[in-house]
Structure formats: C-alpha cells, structure tokens
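These notes are about the structure you will find just below.
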Amino acid sequence: MAKQQANWSPYDNNGGSCVAIAGADYCVIAADTRMSTGYNILTREYSKICKLADKCVMASSGFQADVKALQKQLAARHLIYQHQHNKQMSCPAMAQLLSNTLYYKRFFPYYSFNVLGGLDNEGKGCVFTYDAVGSYEKVGYSSQGSGSTLITPFLDNQLKSPSPLLLPVQDAVTPLVEAEAIDLVKTVFASASERDIYTGDKIEIVVVNATGIRREYMELRKD
Amino acid sequence: MSKSVIEVPPKGGFSFDLCKRNEMLANKGVNPPSFRKTGTTIVGLIFQDGVILGADTRATEGPIVCDKNCEKIHYMAPNIYCCGAGTAADTEAVTDMVSSQLQLHRYHTGRESRVVTALTLLKRHLFNYQGYVSAALVLGGVDVTGPHLHTIYPHGSTDTLPFATMGSGSLAAMAVFESKYKEGLTRNEGIELVTEAICSGIFNDLGSGSNVDVCVITKGGKEYLRNHLQPNPRTYTSSKGYSFPKKTEVLLTKIIPLKEKVEIIEGGDAMEE
C-alpha cells in the first residue's frame with residue numbers, strides 16, 4: 001500500500017513580507033498589510049507588526065493565527081518579567097525569549113517567520129532574524145516572508161554587508177541616516193509588490209529611536 | 001507545486017505517470033520543470049453590434065509575476081479573437097495553430113472564417129489531448145451568421161453564452177457580469193462593463209493584475225485596445241536613485257587572438273557565373 005498522505009493540514013500561509021534595518025541610533029521595521037489565502041485576499045489592512053516592549057518591535061509573516069498566538073505568549077511572558085524585575089525587557093533579552101518560545105514547539109512549530117527590531121541597552125539599533133523553530137542571529141538588516149527572495153539581494157547590494165568571515169567581527173549596522181533607510185524600505189516594498197503576488201496594498205513602517213516609537217504608512221499596488 | 005516525484009492522486013489510486021522514469025531522472029538530479037501559468041481573468045460579452053473581449057495582463061510562475069504586461073487576447077482571424085487562460089505555452093501554441101489552420105481554410109474556401117469553425121478545431125485538439133493541453137479559452141467573433149461567444153475548457157467541452165469569464169479571476173469577474181449585464185448594451189456600455197469585470201479580477205484575485213486589454217469586434221471590423229486601462233502604476237520611485245558599484249574586481253586581463261581558420265589563397269580563379 002502506498003504511503004498515506006494527510007488530507008488536512010493544520011497550517012495555512014497568509015503571505016506577506018517584512019523587513020527590518022538597524023541604524024546607529026534607530027531601527028526601522030516594516031511589513032505590508034495584505035493578508036491572503038490561496039489566490040484570495042482576506043483583508044488589505046492587517047498589521048503584522050507587534051510592539052513587544054518599549055524598545056522592541058516584532059514583525060512576522062507566515063500563518064497569522066500562529067503569529068497571533070506567539071505574540072500573546074510573548075506579551076504574557078513580558079508582563080511576568082516586568083513584575084519580577086521591575087523594568088521592561090531589553091531587545092536582546094526579548095530576542096532570546098522569542099527563540100526559546102519558538103523552540104519549545106519544535107515538534108509542532110509556529111508557522112511564523114519573524115524579524116525582531118529595536119534598540120539595545122546602549123541605544124544602538126539591532127535586528128534579529130529567525131526561522132520557524134527559533135534559530136536566530138543578530139544582523140544589520142533582514143527580510144522574511146514571500147517577498148524576501150526579492151528584497152534580500154537588493155538590501156545586500158545597498159547596505160554593503162561586510163563578510164562574516166572577516167576578523168575582527170564587523171557590525172553590519174548601516175551608517176545610513178533614518179530618512180535614507182526609510183526611503184530604501186519604501187523602494188524595496190514597491191519593487192517587491194510589482195513581482196510578488198502576495199505583497200501589496202499598504203506598508204506599515206515603524207521606527208524605533210531614542211524619542212520613542214513612530215508609525216507611518218505608504219500605499220502599494222492593490223492588484 | 002508538490003515536490004514528490006511520484007504524484008499519487010490525492011485520494012489514492014493508480015498513477016498513470018512514467019513512475020520509474022521519473023524516479024530515475026530525479027535520482028540523477030533532473031526535476032520536472034514548473035510551467036508558467038497565466039493565473040488570469042478573461043471575459044467576453046455580446047453587445048448590440050458584436051462581441052467585446054477583455055483580459056488582464058499578468059503572467060505568473062507560482063507566486064512570482066514573470067510578465068507584468070503580457071498579451072492574452074490572441075488573433076485567430078480578422079474577425080475572430082481568442083482570450084487564453086491556463087498554461088501560457090499551451091494557449092499560445094493552440095491559438096497559433098488554429099489561426100494558421102483557419103487561414104489555410106480561408107484560402108481553400110474563399111470565404112471569411114466562422115467562429116464555429118475555430119471552435120470545432122480548438123475543441124477537437126483539446127479533447128484529443130485529454131486535458132493535458134491546459135488551455136481554457138474564451139473565443140469570440142462576428143461572422144456572416146452573426147456575433148458569437150464561446151468558452152472552451154481544457155478537456156474539450158464548450159459552452160455558447162451571452163457573457164463568459166474564465167481563469168482564476170473568473171468568479172470575481174462573473175460577479176460583476178451577473179449584477180450588471182443586460183442585453184442590447186451599447187459599445188461604450190459594453191467596454192465599461194468589461195473593464196469593470198477585469199478590474200474586479202485584477203484587484204480581488206492575486207493571480208491577475210496589472211492592466212486591462214480590450215478587443216471590440218463588430219461586423220465592420222475590429223478594434224484592439226491594448227492597455228485600455230492602466231490602474232496600477234508603480235507606487236514609489238526614490239527621488240535620489242540608487243547606484244550599483246561594480247563589486248567584481250578585475251584581477252587579470254589576457255587577450256588571446258583566435259587563429260584564422262580560413263587560408264586565403266592569392267590569385268585564385270574568379271567564380272563562374
């Protein structure tokens with residue numbers, strides 16, 4: 001008898017792309033606002049970005065039901081941390097927590113592709129990138145989701161990522177100014193929405209810097 | 001696209017593929033190619049003076065747009081046009097083939113081609129290939145017997161309809177037609193309705209997008225309105241532009257002149273007339 005195939009899957013892919021870029025004193029996190037299933041659009045105005053702590057923001061693409069569950073889990077754990085330590089979690093601490101939370105479900109994963117962005121304890125921008133089961137790395141910029149294959153090569157070209165093989169270890173945090181980084185993000189999403197059917201509608205751009213968290217939107221192709 | 005080499009039908013059953021050959025090829029690292037589908041919205045309707053066809057212009061390869069402005073309304077005869085959805089190669093090949101056959105037929109008979117002729121040629125071909133030629137077509141035209149509109153499915157069945165839609169965006173477009181279609185539309189009303197239906201597909205179906213193509217066929221002639229509507233311009237272009245520094249260093253330049261293979265013999269005979 002041929003191997004039986006499952007006729008139902010617990011997962012679905014709601015599409016979308018997210019990007020994060022770290023700067024000297026800021027961090028830009030952006031995601032499109034389209035939520036889809038198969039060839040249909042469920043909504044044009046869904047936020048994939050979640051504020052986890054004062055200086056820490058997460059953007060996730062993939063299966064939004066799992067993303068929502070993950071965000072709730074992290075929010076609850078953050079609240080406990082605040083009660084126990086009387087302070088907000090720092091971005092690197094939240095990064096580790098997210099990794100552990102994802103690996104906890106190693107054998108029934110959260111179908112969630114995350115980028116975490118924010119300011120570290122010294123106020124410098126940091127971006128952490130994850131896979132679905134919690135493997136993570138601190139990077140200067142990252143992209144996840146359906147448009148990531150279109151976005152990442154362009155970011156590699158423009159943000160001149162130094163080779164990780166060089167010693168001493170060089171930081172990939174970009175020397176670009178905040179406005180330039182936002183311009184880059186807008187260009188990159190406009191291009192991705194031309195060629196990726198799952199990316200479009202609007203971009204939500206969140207900027208974390210010393211003054212706080214700021215949000216802006218930009219229209220994208222709706223087809 | 002499923003990555004398994006042996007594609008078992010979803011509810012079990014016999015696989016008619018060349019399983020041993022596929023497995024052997026996969027072991028040698030040759031994987032079956034994915035094909036480019038148009039993931040489309042195509043429509044047609046009959047109005048007062050003839051037929052109007054409409055199509056979007058996006059061609060996809062899975063989730064990626066491979067052509068942002070392709071042509072889906074194919075020429076069959078001076079008075080007959082055909083929109084194609086499904087595998088792009090199949091729609092192109094089958095419409096080109098039948099178009100040539102129609103031309104030969106016109107020479108043979110000395111008469112203008114009829115839509116039913118094109119219909120029969122297409123459906124016979126598609127039925128012969130048992131659905132493997134994945135072409136779903138909306139065929140429309142005006143001939144001596146009047147205006148005609150037909151849909152043709154990949155397995156070879158056909159329908160004759162006053163208004164029709166095909167492709168992944170067909171439901172979105174049909175919703176518009178079912179609400180707003182009426183008999184005896186004028187030319188402008190017809191074009192507007194077709195444009196609205198295609199736009200519905202463009203914005204609500206992810207497999208369709210970019211621009212609207214329209215083709216109006218009447219007894220007097222045809223009007224092919226390529227990119228009749230362009231509702232999706234690029235949303236953002238950076239004002240300062242981007243530079244792309246040359247990242248590949250030139251390490252060594254070496255020029256080797258190729259030896260001339262032809263030997264020139266001086267004082268040969270002049271060529272004879």
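Side-chain atoms are counted along with the backbone in the values below, which use heavy atoms only and exclude waters and symmetry mates. Here is the naming used below: chain letters follow the sequence lines, and residue numbers restart at 1 for every chain.
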* **Distance-minimising heavy-atom pair for Ser210(B) and Asp223(A)** => N-OD2, 2.6 Å

* To do: Return the minimal non-hydrogen interatomic distance between Ile41(A) and Leu206(B), and the atom names on each side.
  => CG1-CD2, 3.7 Å

* Structure fact -> Nearest heavy-atom contact between Tyr236(B) and Met218(A) is CB-CE, 3.7 Å

* For residues Ile197(A) and Val65(B), determine if any side-chain heavy atom of one lies less than 4.5 Å from a side-chain heavy atom of the other. => yes

* Judged by atom type as modelled, is there a donor-acceptor pair below 3.5 Å linking the side chain of Arg221(A) to the main-chain atoms of Pro233(B)? -> no

* To do: Heavy-atom distances under 4.5 Å only: say whether Thr199(A) touches chain B with side chain, backbone, both or neither.
  => neither

* Structure fact -> Looking only at heavy atoms, the pair that brings Ser238(B) and Thr187(A) closest together is CB-OG1, 3.6 Å

* Has the side chain of Gln158(A) got a donor or acceptor atom that lies under 3.5 Å from a matching backbone atom of Phe244(B)? -> no

* **Closest-packed option against chain A by number of heavy-atom pairs under 4.5 Å, given Gly209(B), Pro63(B), Ser243(B)** => Pro63(B)

* When you look at CG of Leu225(B), are more than 12 heavy atoms from neighbouring residues, nucleotides or ligands closer to it than 6.0 Å? -> yes

* Structure fact -> Value for OG1 (Thr235(B)) from CD1 (Ile203(A)), rounded to nearest 0.5 Å, stands at 7.0 Å

* Measuring heavy-atom distances to chain B, does Glu219(A) have an atom under 4.5 Å in its side chain, in its backbone, in both, or in neither? -> backbone

* **Gap between atom CD1 of Ile64(B) and atom CD of Glu194(A) - 0.5 Å precision** => 12.5 Å

* Atom CD of Gln4(A) with >12 non-hydrogen neighbours under 6.0 angstrom -> no

* Glu45(A) atom CD, neighbour heavy-atom count above 12 within 6.0 Å -> no

* Could you have a look at Gly200(A), Gly147(A), Ser191(A), Gly15(A) and say which one has the most heavy-atom pairs with chain B under 4.5 angstrom? => Ser191(A)

* Atom CG of Asp183(A) and atom OG1 of Thr237(B): how far apart are they, to the nearest 0.5 Å? -> 10.0 Å

* Does a sphere of radius 6.0 Å around OH in Tyr104(A) hold more than 12 heavy atoms from other residues, nucleotides or ligands, not counting ones at 6.0 Å or beyond? -> no

* **Tyr11(A) atom OH, neighbour heavy-atom count above 12 within 6.0 Å** => yes

* Structure fact -> Here the pair of heavy atoms bringing Ser168(B) nearest to Tyr39(A) is CB-CD1, 4.3 Å

* **Residues, nucleotides or ligands: over 12 heavy atoms within 6.0 Å of Tyr129(B) OH** => no

* Within 6.0 Å of CZ in Phe154(A), more than 12 heavy atoms from elsewhere -> yes

* Structure fact -> Scanning both residues in full, the closest heavy-atom pair of Ala190(A) with Arg234(B) reads CB-NH2, 3.6 Å

* Can you tell me if NZ on Lys240(B) sees more than 12 non-hydrogen neighbours from other groups inside 6.0 Å? -> yes

